[in-house]
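Have a look at the structure below before the remarks.
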Amino acid sequence: MASVKVCALDDLPVNEAVRVIIDEVPIAVVRDAADAVYAIGDTCTHGDVSLSEGFVEDETLECWAHGSKFSLVTGAALTLPAFEPVPVYEVTMIDGDVYIDPSVVIPY
Ligand code: FES
């Protein structure tokens, strides 16, 4: 599958996560204050919880249920109780629009 246009960069709130589903893959999309955009798997690896309902802080997304923080850069679970990483997806910016390819998982 190729990259899919998700939205315009300006449609994304800063330092908040937005849940999108592309080809049945739930993805948490985050725009930081420097306009970098990250896309990581939206399902916490500790439970069936949507990470996009959590909190963005310093390039991490914190699960609201039990507080595990996931790196927006690598997908790593940085704090317990989660310890398995979430996938990280490729984000491409074209003419101010955000594209994500859910079939391309960036290896870390
Ligand atoms: S469900 Fe996310 S940390 Fe427990």
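Counting convention: from 1, in listed order, for ligands and their atoms alike.
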- Message: Between L80 and L78, is there shared hydrophobic-cluster membership here, with clusters defined by ILVMFWY side-chain heavy atoms closer than 4.5 Å?
- Response: no
- Message: To the closest 0.5 Å, what do you measure between OG1 (T79) and CD (E62)?
- Response: 7.0 Å
- Message: Do T45 and P85 make a side-chain contact, defined as non-hydrogen atoms from C-beta onward lying under 4.5 Å apart?
- Response: no
Which atom pairs, donor and acceptor, lie under 3.5 Å between side-chain atoms of residues 49-58 and protein residues at least two apart or in another chain?
{"residue": "S50", "atom": "OG", "partner": "D42", "partner atom": "OD1", "Å": "3.4"}
{"residue": "S50", "atom": "OG", "partner": "D42", "partner atom": "OD2", "Å": "2.6"}
{"residue": "S50", "atom": "OG", "partner": "S52", "partner atom": "OG", "Å": "2.9"}
{"residue": "S52", "atom": "OG", "partner": "D42", "partner atom": "OD1", "Å": "3.1"}

- Item | Listed protein N/O/S atoms, distance to atom 2 (Fe) of ligand 1 under 2.8 Å | C44 SG, C63 SG
- Item | N/O donor-acceptor pair under 3.5 Å between D32 side chain and A34 backbone | yes
- Message: Applying a strict under-4.5 Å side-chain criterion to I, L, V, M, F, W and Y, I'd like to know whether V14 and V98 cluster together.
- Response: no
